[in-house]
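For reference, the structure is listed below as structure tokens.
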Amino acid sequence: MSLIKKDLVFSHKSFNTKEETIAFLAGALNKKGVAKDSYQNALLEREKKFPTGLPTGDVKVAIPHADSEHVNESAIAVTTLDSPVSFKNMGDPEEDLKVSIIIMLAIAEPKAQVKMLQNLMSIVQDQNHLTKLLSYKTSNELFLDLDNTFSKIKL
């Protein structure tokens with residue numbers, strides 16, 4: 001079963017801050033029953049201590065996630081942005097990165113989160129693929145690509 005769900009993939013959204021972006025995606029996961037009510041606050045707190053922005057090249061990605069205790073079932077919510085928002089760099093928390101793609105993980109199994117992050121690294125290091133993800137006009141096109149990409153990942 002794929003971790004990507006059609007109603008958790010959003011193309012061309014606009015937000016002013018990472019907090020707005022996180023609230024939107026966490027809200028979608030919560031509404032679907034994937035994430036618990038505590039999930040959004042856990043994400044925001046974790047983001048302050050352990051930023052999730054990745055300096056992946058021209059198209060930058062953030063991978064916000066929270067501990068499995070805040071998750072009911074595993075899923076991934078994704079959005080591409082019309083205008084990038086600032087996330088702190090995972091490797092250098094003083095640096096702001098202009099992020100255009102957010103891949104939010106809600107992983108229910110504690111050990112699976114590390115494996116998922118490792119698998120995601122190969123995806124987010126492919127600038128051609130990231131550029132393609134940004135080019136999709138509809139959420140459905142974005143979903144079909146991500147569903148195909150994530151179908152190869154087993155937790």
Side-chain angles (χ1 to χ4, degrees), residues 2-29 32 34-35 39-40 42-68 70-71 74-107 112-155:
S2 178
L3 293 171
I4 294 287
K5 314 270 189 261
K6 196 174 206 167
D7 52 354
L8 293 174
V9 175
F10 308 93
S11 173
H12 294 286
K13 299 299 283 180
S14 293
F15 302 100
N16 294 315
T17 65
K18 73 176 176 232
E19 290 81 8
E20 284 180 19
T21 312
I22 287 172
F24 174 79
L25 289 175
L29 286 163
K32 192 161 174 62
V34 169
Y39 182 71
Q40 183 175 325
L43 278 169
L44 292 168
E45 285 306 308
R46 190 179 193 293
E47 194 70 34
K48 287 178 195 168
K49 294 181 191 116
F50 306 105
T52 59
L54 295 170
T56 47
D58 290 340
V59 179
K60 292 172 186 56
V61 177
I63 308 175
H65 52 283
D67 291 335
S68 59
H70 304 285
V71 177
S74 294
I76 298 172
V78 179
T79 189
T80 59
L81 302 176
D82 282 333
S83 299
V85 297
S86 286
F87 274 76
K88 295 291 185 188
N89 184 340
M90 185 184 287
D92 178 6
E94 298 300 310
E95 182 186 6
D96 285 321
L97 299 175
K98 294 293 188 184
V99 169
S100 301
I101 300 174
I102 292 87
I103 303 171
M104 183 174 285
L105 304 182
I107 307 296
Q113 188 155 287
V114 172
K115 187 174 179 189
M116 174 52 86
L117 286 166
Q118 289 168 338
N119 283 309
L120 266 178
M121 287 306 134
S122 62
I123 295 168
V124 302
Q125 289 172 345
D126 181 348
Q127 274 295 301
N128 290 334
H129 192 200
L130 295 178
T131 301
K132 192 171 152 189
L133 293 177
L134 280 180
S135 75
Y136 291 124
K137 301 277 184 258
T138 68
S139 295
N140 191 54
E141 290 174 303
L142 181 59
F143 165 75
L144 292 171
D145 184 307
L146 292 170
D147 189 46
N148 181 51
T149 300
F150 281 93
S151 68
K152 300 171 183 90
I153 295 176
K154 300 289 177 243
L155 290 182

Close side-chain approach of [X] and [Y], heavy atoms under 4.5 Å:
X: L142; Y: N140; result: no
X: L3; Y: M116; result: yes
X: M121; Y: Q118; result: no
X: I107; Y: V71; result: no
X: T56; Y: Q127; result: yes
X: E19; Y: I22; result: no
X: V99; Y: K18; result: no
X: E95; Y: L97; result: yes

Between atom [atom1] of [X] and atom [atom2] of [Y], what is the distance when rounded to the nearest 0.5 Å?
X: L8; Y: L146; atom1: CG; atom2: CG; result: 11.5 Å
X: S68; Y: L105; atom1: OG; atom2: CG; result: 12.0 Å
X: N89; Y: L54; atom1: CG; atom2: CG; result: 7.5 Å
X: E141; Y: L133; atom1: CD; atom2: CG; result: 11.5 Å
X: K115; Y: L117; atom1: NZ; atom2: CG; result: 12.5 Å
X: H12; Y: K137; atom1: NE2; atom2: NZ; result: 5.5 Å

For the residue pair [X] and [Y], what are the closest heavy atoms and their distance?
X: A26; Y: Y39; result: CB-CD2, 3.9 Å
X: S100; Y: L134; result: O-CD2, 3.7 Å
X: Q113; Y: H65; result: NE2-CD2, 3.1 Å
X: Q40; Y: A23; result: NE2-CB, 3.4 Å
X: N16; Y: E20; result: N-OE1, 2.9 Å
X: V34; Y: A106; result: CG1-CB, 3.8 Å

Determine whether a donor-acceptor pair (N or O, by modelled atom type, separation under 3.5 Å) exists between the side chain of S14 and the backbone of D82.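 Answer holds: no.
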According to the salt bridge (Lys or Arg N to Asp or Glu O under 4.0 Å) rule, which pairs have a member within residues 50-60, sequence neighbours left out? none
M104 and L29: side chain to side chain contact (heavy atoms under 4.5 Å, CB included), yes or no, with the steps? CA-CA 9 Å; M104 183 174 285; L29 286 163; 3.7 Å; yes
Going through the distances and angles, do T52 and E47 end up as a side-chain hydrogen bond (donor to acceptor under 3.5 Å, both in side chains)? CA-CA 7 Å; T52 59; E47 194 70 34; 2.8 Å; yes
Derivation of the side-chain hydrogen bond (donor to acceptor under 3.5 Å, both in side chains) call for K98 and S86: CA-CA 5 Å; K98 294 293 188 184; S86 286; 3.2 Å; yes
Given the rule in the side chain to side chain contact (heavy atoms under 4.5 Å, CB included) test, do I123 and F150 qualify, once you have shown the distances and angles that lead to the verdict? CA-CA 9 Å; I123 295 168; F150 281 93; 4.2 Å; yes
Under the side chain to side chain contact (heavy atoms under 4.5 Å, CB included) test, residues paired with S122 that sit two or more places apart: none
Residue list, side chain to side chain contact (heavy atoms under 4.5 Å, CB included) with K13, at least two apart or on another chain: F10, F15, F24, T79, L81
I103 and side-chain contact (heavy atoms from CB on, under 4.5 Å): which partner among I4, L25, V124?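 Answer to the side-chain contact (heavy atoms from CB on, under 4.5 Å) test with I103 among I4, L25, V124: V124.
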Output, in order, the C-alpha distance, side-chain angles, deciding distance and verdict of side chain to side chain contact (heavy atoms under 4.5 Å, CB included) for T149 and D145. CA-CA 6 Å; T149 300; D145 184 307; 3.2 Å; yes
